[in-house]
Amino acid sequence: MGDNRIEIFRTALDRAAAVFAVALTGAQAASLVTHYEMLIRWNRRINLTRIVEPRDAAQLHYGESLWGGRFIEDARSLVDIGSGAGFPAVALAVLRPDVEVTALEVNQKKAIFLNEAADAMRLKNFRVARARLEEFDLSRYDLLTSRALDRAEEMLQPVVARLGADQRLMLYSTRDLAAKLLALSDKQIPIEIHPLPQSESRVVAVFGQIK
């Protein structure tokens, strides 16, 4: 990969951080650049994402993921359901080294990518769990999150239904999906809707009380 593409991403990442009002250290930015380099290389062999152009990736993948960091609050453990290429899990692990982040990913090749990326980035607070959602114990985590999950309504409805009193779900979604999931739940769950900057339709919906 040419250096020019990486430099474009590095500059775009700085701009995205400013748009999303996220303060990154030089080391954190460098770590995310490492992830992007690996993402581009691996994406030639396996389908990790269709968004690879440096400016789009910086804004839509990394910037949006980082913006969710403001809703972590006092959570000390986080699980990203259907992490895929690592959004938002990798970005949040970089942003909040004090939080133990687990990327839940059933696909073997994607799980291998996540492990190798974490090794290259030296992310000590990050691990990968390769398991099916319905077989995984979510009760151990303070904060659950998910972004761009396949069959999201079907997969996340039981997650919302089983959300513990001290847990929260931070969902990157549309207003419609958040409303459907809330309507399907038989529990009275507080929900806050936060429109994503520079997006007409996407939001971060936080189910459960923000602490």
Side-chain angles (χ1 to χ4, degrees), residues 1-17 19-20 22 24 26-69 78-96 101-133 145-152 155-156 170-174 177 196-199 201-202 204:
M1 187 190 315
D3 291 341
N4 185 52
R5 197 173 191 184
I6 296 304
E7 287 306 314
I8 291 172
F9 175 79
R10 193 186 306 271
T11 301
L13 180 63
D14 290 341
R15 290 175 180 166
V19 166
F20 289 97
V22 176
L24 292 175
Q28 287 172 327
S31 186
L32 293 175
V33 170
T34 296
H35 180 268
Y36 176 70
E37 288 182 284
M38 294 188 66
L39 174 70
I40 295 300
R41 188 164 64 250
W42 279 66
N43 206 57
R44 298 190 187 111
R45 293 178 286 157
I46 65 173
N47 182 27
L48 290 170
T49 177
R50 61 179 179 79
I51 301 174
V52 294
E53 195 278 327
R55 295 180 184 88
D56 289 344
Q59 174 83 10
L60 299 176
H61 280 328
Y62 296 86
E64 287 190 4
S65 294
L66 289 166
W67 194 70
L78 179 156
V79 59
D80 180 20
I81 300 169
S83 196
F87 304 111
V90 166
L92 294 178
V94 169
L95 184 66
R96 289 288 301 269
V101 176
T102 297
L104 179 61
E105 177 53 58
V106 70
N107 182 280
Q108 182 180 20
K109 291 180 180 179
K110 292 178 180 178
I112 292 172
F113 165 75
L114 289 170
N115 273 314
E116 295 209 8
D119 286 345
M121 298 164 71
R122 298 182 180 177
L123 278 181
K124 296 180 180 179
N125 62 323
F126 182 91
R127 78 179 188 95
V128 180
R130 185 170 171 250
R132 295 170 59 87
L133 173 58
T145 189
S146 189
R147 180 179 180 269
L149 180 67
D150 289 339
R151 301 177 8 247
M155 299 296 288
L156 292 175
M170 178 174 68
L171 180 63
Y172 296 72
S173 70
T174 61
L177 175 58
L196 276 157
Q198 297 194 349
S199 175
S201 60
R202 290 182 55 74
V204 169

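Only heavy atoms go into these numbers, but all of them, side chains included; no hydrogens, no water, no symmetry mates.
Under a 3.5 Å cut-off, the side chain of E105 and the backbone N or O of A111 do not form any donor-acceptor pair. A distance-only check finds a donor-acceptor pair linking the side chain of H35 to the backbone of A85 [under 3.5 Å]. Of the possible donor and acceptor atoms, none in the side chain of S31 sits under 3.5 Å from a partner among the backbone N and O of A27. Side chain of Q59 to main chain of A16: no donor-acceptor pair is present (N/O by atom type, distance under 3.5 Å, no hydrogens or angles).
For A103 against L114, the heavy-atom pair with the smallest separation is CB-CD1, 4.0 Å. Residues S65 and A91 share a closest heavy-atom pair of CB-CB, 3.7 Å. In this structure, L149 and I81 approach most closely via the heavy-atom pair CD1-O, 4.0 Å. Across P54 and A12, no two heavy atoms sit closer than the pair O-CB, 4.1 Å. The shortest heavy-atom contact between M170 and L92 is CE-CD1, 3.8 Å. Taking all atoms of both residues into account, the shortest heavy-atom contact from A89 to F126 is CB-CE1, 3.9 Å.
Contact annotation: the side chain of M155 never approaches that of D150 to less than 4.5 Å [non-hydrogen atoms, C-beta and beyond].
Ring-plane geometry between Y36 and F9 is classed as parallel, the angle between the planes falling under 30 degrees on a 0 to 90 degree scale with a further cut at 60.
Atom-to-atom distance recorded for Y172:OH and S199:OG is 12.5 Å, nearest 0.5 angstrom.
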